[in-house]
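Numbers here are sequence positions counted from 1.
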Amino acid sequence: MKMYQEIVLKPKKDESLRRFHPWVFSGAIVPTAVMPAEGEVVRVLAADGSFLGVGHYQAGSISVRILSFRDEPIDRSFYRTALTCAYRLRRQLQLVRSDQNTYRLVHGEGDYLPGLIIDMYGDTAVIQAHSVGMHRDLEQITSALKEVMPSGELKHIFYKSEGTLPFKAGLAAEDGYLWGGEEVEAIALENGLRFHIDWLKGQKTGFFVDQRENRKLLEQYAAGRRVLNMFCYTGGFSVYALRGGAVRVDSVDSSSRAVSLTNRNIVLNFGEEPRHNAFAEDAFRFLKEIPEGKYDLIVLDPPAFAKHRGAVNHALQGYKKLNLSAFGKIAPGGILFTFSCSQVITREQFRLAVFSAAAISGRKVRILHQLTQPADHPINIYHPEGEYLKGLVLQVE
Ligand code: SAH
């Protein structure tokens, strides 16, 4: 077996690893003269020399991301096994069907592969590395992926990590196709609806795969309603609302690129659609200017207001303000779908922010559904940080 450099933890710093939490923080490590190279696989040992796990080393606050709690090599066969499990779960979840081929195949810690995201859009896999280790292992990952995926389900692999890897000298993470790339059909199916996916320039891997089930739920509420989809990005909620029988749908995003992507997706599904309009505007300003009662279904799906712990209080004020303006404008009997995707904000904190907004508005509000991320974004129970998407469906009298 290949010899991996060893990292030794300070006394009593092994507890979280023994509970299978996959991160080793820099303060837990006994410094040595020669630290491992960025992205190298290391063996982590407790102060008494006992084995704890193998993982990717990276200088920074999270110094090691554990890949296995068994003393095993991290090689192509390791990735083959991990990807096989990941694919099998998505099959069990019935995410691969004739009318549905958009799903997350690998969700980092949730699939025991910290630092790795793989989204499937039809026969294209978009790989995103969030750690130098995954970047270094890319070749093993792609060859394992080709072995694991049934033929016909994978024809192209696009690598999109320029924006997610820390900039380090010698790290050449250029976005581009690793495999295939000719005659790509960049259209994916979600619950029978079609979406152009822009993995070349779009946000994340090109689409917000995590809202699939919540969009489907919205479809059930759309009939006969006037819908406002705030922070629409590529228009996911708008497309479902139109199929669900909304009488009108207005989509708003501050990015004009997002607005044109939304319009393209409406045309792709419905052709000319007089019920739909899209506006490139700031959400807060838009909400302020519309008359009360203009909409009876509003979606608020903003970007993460808090990216780190220091920003939590400011972010909670932001959620409160945003929801307050929606409570102020939604028609009586209206339905509000409101979300937070900030990982550092807990479900309770978010709910409290929405509660405060409701209380200030003075309206009667009931919670109909409490929403989260779908099962192809699993949460490793030992890694609660993996739970990030929170949503409430409210009825507002
Ligand atoms: N609901 C979308 C995902 C939303 S992502 C979906 O289902 O796909 C968040 C979006 O908010 C981004 O497209 C971003 O351009 C937009 N955005 C960020 N700040 C904004 C603001 N102040 N007003 C309007 N849109 C904003």
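- Within the 4.5 Å cutoff, the side chain of Ser361 has heavy atoms near those of the Leu324 side chain.
- Side-chain contact, Tyr112 with His383: no donor N or O sits under 3.5 Å from an acceptor N or O.
- Using modelled atom types, one side-chain atom of Ser356 and one backbone atom of Leu352 make a donor-acceptor pair closer than 3.5 Å.
- The closest side-chain donor-acceptor pair between Arg285 and Ser254, if any, does not fall under 3.5 angstrom.
- Hydrophobic clustering places Leu392 together with Val396 (ILVMFWY residues linked when any side-chain heavy atoms are closer than 4.5 Å, directly or through intermediates).
- One finds no salt bridge joining Asp75 and Arg80 here, because no Lys/Arg side-chain nitrogen approaches an Asp/Glu carboxylate oxygen to under 4.0 Å.
- Ionic pairing of Glu38 and Arg136 is not present here: no N-O contact between side-chain nitrogen and carboxylate oxygen is shorter than 4.0 angstrom.
- Closest of all the heavy-atom pairs between Arg90 and Ala86 is CD-O, 3.0 Å.
- Summarising the geometry of Leu145 relative to Ala125, their closest heavy-atom pair is CD2-CB, 3.9 Å, with the distance given to 0.1 Å.
- Looking at Gln5, its side chain does come within 3.5 Å of a backbone N or O of Val34 through a donor-acceptor pair.
- For the side chain to side chain contact (heavy atoms under 4.5 Å, CB included) with Thr372, the qualifying choice from Lys390, Glu213, Arg347 is Arg347, the only one to do so.
- For the side chain to side chain contact (heavy atoms under 4.5 Å, CB included) test with His276, the passing option among Val227, Val267, Asn229, Ile266 is Ile266; the others fail.
- Checking side-chain atoms of Ser63 against main-chain N and O of Gly60 turns up a donor-acceptor pair under 3.5 Å.
- A centroid separation of less than 6.0 Å is found between the aromatic rings of His369 and Tyr221.
- In this model, no donor atom of one side chain and acceptor atom of the other lie less than 3.5 Å apart for Trp23 and Glu385.
- For the side chain to side chain contact (heavy atoms under 4.5 Å, CB included) test with Tyr295, the passing option among Ile330, Val249, Ile335, Asp250 is Asp250; the others fail.
- Side-chain contact check for Glu190 and Tyr240: at least one donor-acceptor pair (N or O, by modelled atom type) lies under 3.5 Å.
- Using cut-offs of 30° and 60° on the angle between ring planes, the pair Phe305 and Phe231 is perpendicular.
- Looking only at atom types and distance, the side chain of Ser238 has a donor-acceptor partner in the side chain of Ser251 under 3.5 Å away.
- Using modelled atom types and a 3.5 Å distance limit, the side chains of Glu182 and His156 yield no donor-acceptor pair.
- The backbone N or O of Glu153 sits nowhere less than 3.5 Å from a side-chain atom of Lys155 that would complete a donor-acceptor pair.
- Remark: Arg363 does not engage Glu397 in a salt bridge, criterion side-chain N to carboxylate O under 4.0 Å.
- Asp210 and Arg212 are not joined by a salt bridge, as no carboxylate oxygen comes within less than 4.0 angstrom of a charged side-chain nitrogen.
- Of the possible donor and acceptor atoms, one in the side chain of Gln373 sits under 3.5 Å from a partner among the backbone N and O of Tyr388.
- Between Tyr121 and Trp199, the angle of the ring planes stays under 30°, which puts this pair in the parallel group of the 30/60° scheme.
- A salt bridge between Glu147 and Arg76 is present, with a side-chain N of the basic residue lying under 4.0 Å from a carboxylate O of the acidic one.
- Hydrophobic clustering (ILVMFWY, side-chain heavy atoms < 4.5 Å, transitive): Phe327 and Val393 are in distinct clusters.
- The CG atom of Asn269 sits 8.5 Å away from the NE2 atom of His196 when rounded to the nearest 0.5 Å.
- Using cut-offs of 30° and 60° for the angle between ring planes, the Phe207 and Phe195 rings count as tilted.
- Grouping the Ile, Leu, Val, Met, Phe, Trp and Tyr side chains by contacts below 4.5 angstrom, directly or via other members, places Leu83 with Leu178.
- Between His377 and His107, the angle of the ring planes lies from 30° to 60°, which puts this pair in the tilted group.
- Close placement of the Phe339 and Phe237 rings is indicated, their centers lying within 6.0 Å of each other.
- Rounding to the nearest 0.5 Å gives a distance of 10.5 Å between NZ of Lys321 and CG of Leu287.
- Note that CD1 of Ile74 is 5.5 Å distant from OG of Ser68, once rounded to the nearest 0.5 Å.
- In this structure a side-chain-to-backbone donor-acceptor pair under 3.5 Å is missing from Asp198 to Gly206.
- Test Ile117, Thr142, Val106 against Ile127 for side chain to side chain contact (heavy atoms under 4.5 Å, CB included) and you get one pass: Thr142.
- In this structure, Leu9 belongs to a hydrophobic cluster whose other members, linked by side-chain heavy atoms under 4.5 Å apart, are Ile7, Leu17, Phe20, Val24, Ile29, Met35, Val42, Val44, Leu52, Tyr57, Val64, Ile66, Phe69, Ile381, Tyr382.
- The shortest heavy-atom contact between Leu322 and Pro302 is CD2-CG, 3.8 Å.
- Rounded to the nearest 0.5 Å, atoms CG (Asn323) and CG (Leu300) are 5.5 Å apart.
- With respect to the salt-bridge test (charged N to carboxylate O, under 4.0 angstrom), the residues Lys160 and Asp175 do not qualify.
- In this structure, Gln128 CD and Phe158 CZ are separated by 10.5 Å, a value rounded to the nearest 0.5 Å.
- One N or O on the side chain of Asp253 and one on the backbone of Ser255 form a donor-acceptor pair closer than 3.5 Å.
- For the side chain to side chain contact (heavy atoms under 4.5 Å, CB included) with Gln100, the qualifying choice from Leu189, Asn191, Leu193 is Asn191, the only one to do so.
- Dense packing is recorded around NZ of Lys146, with more than 12 heavy atoms of other residues, nucleotides or ligands lying under 6.0 Å away.
- Listed for the Ser342 side chain is no donor-acceptor partner under 3.5 Å among the backbone atoms of Ala304.
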- Query: Hey, mind stepping through Asp376 and Leu89 against side-chain contact (heavy atoms from CB on, under 4.5 Å) and telling me if it holds?
  - Reply: CA-CA 8 Å; Asp376 55 339; Leu89 173 65; over 6 Å; no

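- Linking ILVMFWY side-chain heavy atoms closer than 4.5 Å, directly or via other members, places Val96 and Met120 in a single hydrophobic cluster.
- For the pair Ile345 and Ala306, the tightest heavy-atom approach, listed with the atom from each and the gap, is CD1-CB, 4.2 Å.
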- So Leu268 and Ile187, side-chain contact (heavy atoms from CB on, under 4.5 Å) or not? Walk me through it. CA-CA 9 Å; Leu268 182 65; Ile187 290 177; 3.9 Å; yes

- Message: Under the criterion side chain to side chain donor-acceptor pair (under 3.5 Å), I'd like the reasoning laid out for Asp137 against His56: C-alpha separation, chi angles, the key distance, then a yes or no.
- Response: CA-CA 10 Å; Asp137 288 355; His56 284 139; 2.8 Å; yes

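- In terms of modelled atom types and a separation under 3.5 Å, the side chain of Gln317 and the main chain of His314 share no donor-acceptor contact.
- With values rounded to the nearest 0.5 angstrom, Thr102 atom OG1 is found 9.5 Å from Asp119 atom CG.
- When all heavy atoms are compared, the tightest approach of Phe78 to Leu67 is CZ-O, 3.5 Å.
- Judged purely by atom type and a 3.5 angstrom limit, Glu292 has no side-chain atom pairing as donor or acceptor with the backbone of Lys329.
- Taking a 6.0 Å sphere around NZ of Lys10, one finds it holds more than 12 heavy atoms contributed by other residues, nucleotides or ligands.
- In this structure, Leu228 is a member of the same hydrophobic cluster as Phe284, with clusters built from ILVMFWY side-chain heavy atoms closer than 4.5 Å.
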